[in-house]
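Just below is one structure, and these are the notes that go with it.
Labels below follow one simple rule: chain letters A, B, ... track the order of the sequence lines, proteins then strands, and each chain is numbered from 1. Owing to the predicted nature of the structure, the values given are computational and were not obtained by experimental measurement.
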Amino acid sequence: MDLRLPVGALFAIFGALLTLFGAFGPKDIYEKSLGINVNLYWGAVLLVFGLLMAGFALAASKREAQAKAE
Amino acid sequence: MTNLHMGQVHLGLIDYALMLIYFVFVIGIGASLKRRVKTSSDFFQSGRSIPAWITGLAFLSANLGAQEVIGMGASGAKYGIATAHFYWVGAIPAMVFVGIFMMPFYYGSKARSVPEYLKLRYDEKTRGFNAFSFAIMTLFSSGISLFAMAKLLGLLLGWDFTFSMLVSAGIVLAYIFLGGLTSAIYNEVLQFFLIVFGFLPLVVIGLTKAGGWDGVKHSLDLLAVQNHFPAGAYTHAWAHMGSATNPMGVDWFSLTMGLGFVLSFGYWCTDFLVVQRAMAANSMSAARRTPLIAAVPKMLFPFLVILPGMIAMALTANGAASGYSLPLDAKGGLDYNMAAPSMLVHFFPTGLLGVGMTALLASFMSGMAGNVTAFNTVFTVDIYESYIRPKQSDHHYLMVGKFATVGGILVSILTALLAANFNNIMDMLQLVFAFVNAPLFATFLLGMFWKRTTGHGAFFGLLSGTVGAAIHHGLTRPAGEFEAIKGGWLGHIVHTYPSDMAQNFWTAIIAWTTCFVVTIIISSLTKRTKSDEELTGLVYSLTPKPEETEKVWYKQPVVLGIIVLMGAVILNVLFS
């Protein structure tokens, strides 16, 4: 198992949930975080990181399959 | 005073959802590795098949337990940036040393554990001494980690102590039982990323609130003067180390010798908990790179775990205007241990709070899992196979390893319950382990670099080092402390140290020196029992130098080691 896959998947899910919650959830909870919608921004960071990790893993397994086929 | 007693926070639905998803992943990783665990080598050593970047992050993360995240935040609040010495003077040089000089013997000897290396290099009694003390110590550490977590969850979220303890112990048990060391290592990598992504926003928000690094410096300078220290005492790591008039109460000599040399090399180079990660690597080169790869994030960790504590202190010093203040403990003093967790709860809205709490849970669980995997290996390889039932089938030992995991977790839970009721017993045990561990690096150093060192020399050296540590502790005491657990229990005080940290560092220096000298004397007086052939691969002068097989420079251990050391020097200078 390529470890990047579960790591990527976990962070993609975390990121997606946070981004959606930040975009559509209540807005009056951000007084704590100095008025910044941290869920939206940090969620986006986690989402990108997760997708990149998972993407690298998938690309690697594709290359491997190709190498085997040749 | 708004935060006299920490108000408990209620998590939202999304916070619970994030935690639950994390638990599913953790157990899922264990389950998906289950069919790969066929032999005892798969279970205890991951079949020596893991790539370097994974063992490297696991090397770092196994040590990233409660002590690091909570303890370093607490020390950051109490002592300021000087806490970073635990990284830039302590951990980094030791990690470079173990990677470049010691890993060839650990990995090359085919020993399955650190005690087994001692058996190959010295004799049975030296191995036995190390195996038993290490096995007991890991279980207590794991129990203490469990206790700290359950207590923290109770304080922050109002969760029931027994409930949080059983749930997290159950999850750790499940994923180690299923996937063995590989499962622990994979989850440690996941935990590493969670801790980074969970704490980074705290640093950013906290710094913004405190007016940036300059703001933190300004507030802490005022605080330092208030506390009768020089103005930069909390924000300069070296400037006030000339004498012990800094918040830590240590001078540069005890710092570099006690912490930098004896304690750090002793931990990073001989503690099987971390060394086991490197021994699971898929090649000699990967094993040597493991601690070096770990050292890169390690030297940046002060910004993640110490800085929040300093920010907490700066905001507290700023008074009511900041809206945050460090909670107070039962005696009415500042509760430094709550620095990082209380900041998390103060600044994170629901959502991000779920990520932060998951990161905290992850850190506790990775610390516990590290102890449990080290325990089940040492128990099976060095105790069961050596003293209870030798020469059984591989399958038999695999099953013993699995049962040792269950047994280890059960003892951890009992220890946690014990810790909840008798705090002093735990303090005493930790003190005894400190005595046993302090001299260990002298035994390894002499064993690896002087072929004349004998088994008797090593064993009695270790023993006298341990006794030396105990005697030193019994004859000295930190200023202002009068309990027996703090020292002076031999009834006569020879020296009073400015702080308990100075006393700890000197205990280590004395233990190491005693062990070093006694080992040399006894080795010179006793006959060698191992021939040159038997010591090949175990001692530096009798082992062929590892050839550089990596073509690209960034995969070569020596090049990496030099880069890492330069990084540590630069950080020391920047924050001197």
Does atom [atom1] of [X] have more than 12 heavy-atom neighbours, drawn from other residues, nucleotides or ligands, at distances under 6.0 Å?
{"X": "B:Phe303", "atom1": "CZ", "answer": "yes"}
{"X": "A:Lys27", "atom1": "NZ", "answer": "yes"}
{"X": "B:Tyr16", "atom1": "OH", "answer": "yes"}

Chain B contact via [X] - side chain, backbone, both or neither, heavy atoms under 4.5 Å:
{"X": "A:Phe11", "value": "side chain"}
{"X": "A:Ile29", "value": "both"}
{"X": "A:Leu10", "value": "both"}
{"X": "A:Leu17", "value": "both"}

Among [options], which residue has the highest count of heavy-atom pairs closer than 4.5 Å to chain A?
{"options": "B:Pro201, B:Ser32, B:Ala17, B:Pro51", "value": "B:Pro201"}
{"options": "B:Thr350, B:Ile54, B:Ile29, B:Val355", "value": "B:Thr350"}
{"options": "B:Phe347, B:Phe25, B:Tyr22", "value": "B:Phe25"}

Does any backbone or side-chain atom of [X] lie under 4.5 Å from a heavy atom of chain A? Answer side chain, backbone, both or neither.
{"X": "B:Ile205", "value": "both"}
{"X": "B:Leu194", "value": "both"}
{"X": "B:Thr182", "value": "neither"}

* To do: Indicate the atoms forming the closest heavy-atom contact of B:Val345 with A:Lys32, along with that distance.
  =>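 That closest heavy-atom pairing would be O-NZ, 2.9 Å.
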* Which distance, rounded to the nearest 0.5 Å, do you find between the NE2 of B:His346 and the OG of A:Ser33? ->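 OG of A:Ser33 is found 10.5 Å from NE2 of B:His346.
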* Kindly compute the distance separating CD1 (A:Ile36) from OG1 (B:Thr208), expressed to the nearest 0.5 Å. => 5.5 Å
* To do: Check whether any side-chain heavy atom of A:Trp42 sits under 4.5 Å from a side-chain heavy atom of B:Leu200, and report yes or no.
  => yes
* Would you mind reporting whether A:Val38 and B:Pro349 have side-chain heavy atoms less than 4.5 Å apart? => yes
* Largest heavy-atom contact set with chain B, pairs under 4.5 Å, which of A:Leu3, A:Leu18, A:Asn39 -> A:Leu3
* Yes or no on side-chain contact (heavy atoms from CB on, under 4.5 Å) for B:Phe197 and A:Phe14, after CA distance, side-chain angles and deciding distance? -> CA-CA 11 Å; B:Phe197 283 114; A:Phe14 268 32; over 6 Å; no
* Verify the ring-centre separation between B:Phe193 and A:Phe49: is it less than 6.0 angstrom? =>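 Between B:Phe193 and A:Phe49, which both carry aromatic rings, the centre distance is below 6.0 Å.
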